[in-house]
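All values below come from the heavy atoms of this structure, side chains included, with hydrogens, waters and symmetry mates left out.
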Amino acid sequence: MKDGAAKNSPKAAVLSLAQLLAEQPAAPPPGWIEPGLLPPQGILFVGGEPKVGKSLLVANLALALAAGQDRVGFAVPAARRVLVCQFELPVPQFVSRLATMRCSLGAAADQNLLVDTRAAGHLLSAPQGLNHFLVAAREASAEVIVLDPLYSTHDQDENDTRSMAALCQSLLRLRDASKAALIVVHHVRKSIGRDEIGRAFRGSSALHAVGDSYLLLAQPSANLTAVELRFQFRYAAPLAPRLLELEPHSLWFSAAGAAPSHARPRRKVEPEDVTQALAGIGKQARHNQLREQVMQRTDCSKRTAQLAITEACRQGGIVRDNGQYRLPW
């Protein structure tokens, strides 16, 4: 009886470093999209302006993962079970898009790519909706879950940090309960600087707490078939920006070389920039709100914006009052 009880006893939650090292694999598992784009059980956010090709690229990546084939300039070490939850196209139209892409693959992805045909109307931000996606993930034995786009999975205010933080907790619960990696298509803010990546996404301060990697699509020129990819990774050095070219007949992107350099010197952020940023917000603003506005207006770093706010206070251009900033008049 004692032996049976010992076998069924739960594993200890508190382990020594020696025990943890003994359980550590000899080499870390490879990313599911290399180099570093999708860690095992990681969360990848994909964003860009409307109609830039986010959903097409994510569908390409989903098929590549399901087929276990290197595509769109990325290495896929092994085939994965992929569940696609998309909310923008009617199911027949989405299947038609997949069928066009499938012509380049044959049947390689047929058994591993699964589509939640009843995803529409279920909100990740509600317990019943989260349960729907968890049931679908279990039915699919999903190793990767695609959510396209994020705004269709919730009814929260994306400009409210607390609401977005709650939504991000739902993403974490979905990831942890399903043990799957997530690819999340999300919108970007209306005005972003060229060097912004993770911070370009709506609700970025909350997303930074949960995202492992960020992929931003941008139109580099008037060439409507080319997109520029920019990267930011939590656990790895970012990749250099690269270009992809869309083949309209196959609906596949392919590598088109490195992106052209757009390096330019940043101008100094002056106290007047802070005053104008605050005037643009209104009568008063919290520190984070003002800092974000300064960063948007001047394309500067967080630290530069903080220093500019401090200097504007010192010179009297703005006043800190009861935890918020206001103009002195």
About how many Å separate [atom2] of [Y] and [atom1] of [X], when rounded to the nearest 0.5 Å?
| X | Y | atom1 | atom2 | result |
| --- | --- | --- | --- | --- |
| Leu171 | Leu150 | CG | CG | 6.0 Å |
| Arg138 | Ser178 | CZ | OG | 9.5 Å |
| Gln156 | Ser125 | CD | OG | 5.0 Å |
| Leu246 | Asn60 | CG | CG | 8.0 Å |
| Ser96 | Met101 | OG | CE | 10.0 Å |
| Leu37 | Leu44 | CG | CG | 5.0 Å |

Determine whether a donor-acceptor pair (N or O, by modelled atom type, separation under 3.5 Å) exists between the side chain of [X] and the backbone of [Y].
| X | Y | answer |
| --- | --- | --- |
| Gln276 | Ala279 | no |
| Arg242 | Gly73 | yes |
| Gln324 | His287 | no |
| Thr310 | Gln306 | yes |
| Ser141 | Ala137 | no |

[X]: side chain to side chain contact (heavy atoms under 4.5 Å, CB included) partners, not counting sequence neighbours:
| X | result |
| --- | --- |
| Val319 | Arg326, Pro328 |
| Val76 | Ala64, Leu65, Asp70 |
| Leu114 | Arg81, Leu83, Ala140 |
| Ala109 | Leu63, Ala66, Ala67, Leu105 |

### Message
As a quick check of understanding, evaluate side-chain contact (heavy atoms from CB on, under 4.5 Å) for Lys302 and Arg291, giving each step before the final call.
### Response
CA-CA 7 Å; Lys302 183 183 294 186; Arg291 183 183 64 194; 3.5 Å; yes
### N-O pairing of Lys51 and Glu49 below 4.0 Å
no
### Residue pairs, two or more places apart or on separate chains, that pass ring-ring contact (aromatic ring centres under 6.0 Å, His included) and touch residues 106-162
His122-His132, Tyr151-His187
### Query
Which residue pairs pass the ring-ring contact (aromatic ring centres under 6.0 Å, His included) test with at least one member in residues 28-87, sequence neighbours excluded?
Phe45-Tyr214
### Message
Going by salt bridge (Lys or Arg N to Asp or Glu O under 4.0 Å), name the pairs with one or both residues in residues 33-45, residues two or more places apart or in two chains.
### Response
none
### Query
With sequence neighbours left out, which residue pairs that include part of residues 140-165 fulfil the salt bridge (Lys or Arg N to Asp or Glu O under 4.0 Å) condition?
Arg80-Glu143, Glu158-Arg202
### Task
Find out if a path of hydrophobic residues (ILVMFWY) with successive side-chain heavy-atom gaps under 4.5 Å connects Leu89 to Leu98.
yes
### Message
Under 4.5 Å between side-chain heavy atoms, counting indirect links through other Ile/Leu/Val/Met/Phe/Trp/Tyr residues: same cluster for Val269 and Ile281 or not?
### Response
yes
Validation row: [X], [Y] side chains within 4.5 angstrom (heavy atoms):
| X | Y | answer |
| --- | --- | --- |
| Val82 | Asn112 | no |
| Ile318 | Leu290 | yes |
| Glu88 | Pro149 | yes |
| Leu130 | Leu174 | yes |
| Leu57 | Leu229 | yes |
| Gln93 | Val91 | no |
| Gln86 | Ser55 | no |

#### Entry: Residue pair Arg97, Leu56: steps toward the side-chain contact (heavy atoms from CB on, under 4.5 Å) verdict
CA-CA 9 Å; Arg97 174 179 287 185; Leu56 283 176; 3.7 Å; yes
### Query
Which pairs with one or both residues in residues 246-256 pass side chain to side chain donor-acceptor pair (under 3.5 Å), sequence neighbours excluded?
Glu247-Ser250
### side chain to side chain donor-acceptor pair (under 3.5 Å): pairs with one or both residues in residues 19-30, sequence neighbours excluded
Lys11-Glu23, Ser16-Gln19
### Summary
With sequence neighbours left out, the residues meeting side chain to side chain donor-acceptor pair (under 3.5 Å) with Arg102 are Asp110
### Task
Identify, with sequence neighbours excluded, every residue that meets side chain to side chain donor-acceptor pair (under 3.5 Å) alongside Gln315.
Glu311
## Note on the structure
In Thr117, Leu113, Leu147, the residue satisfying side chain to side chain contact (heavy atoms under 4.5 Å, CB included) with Val84 is Leu113
### Task
Decide if atom CZ of Arg286 counts as having more than 12 heavy atoms of other residues, nucleotides or ligands within a radius under 6.0 Å.
no
### Query
Minimum heavy-atom separation for Met295 to Ser301, with atom names?
CG-O, 3.9 Å
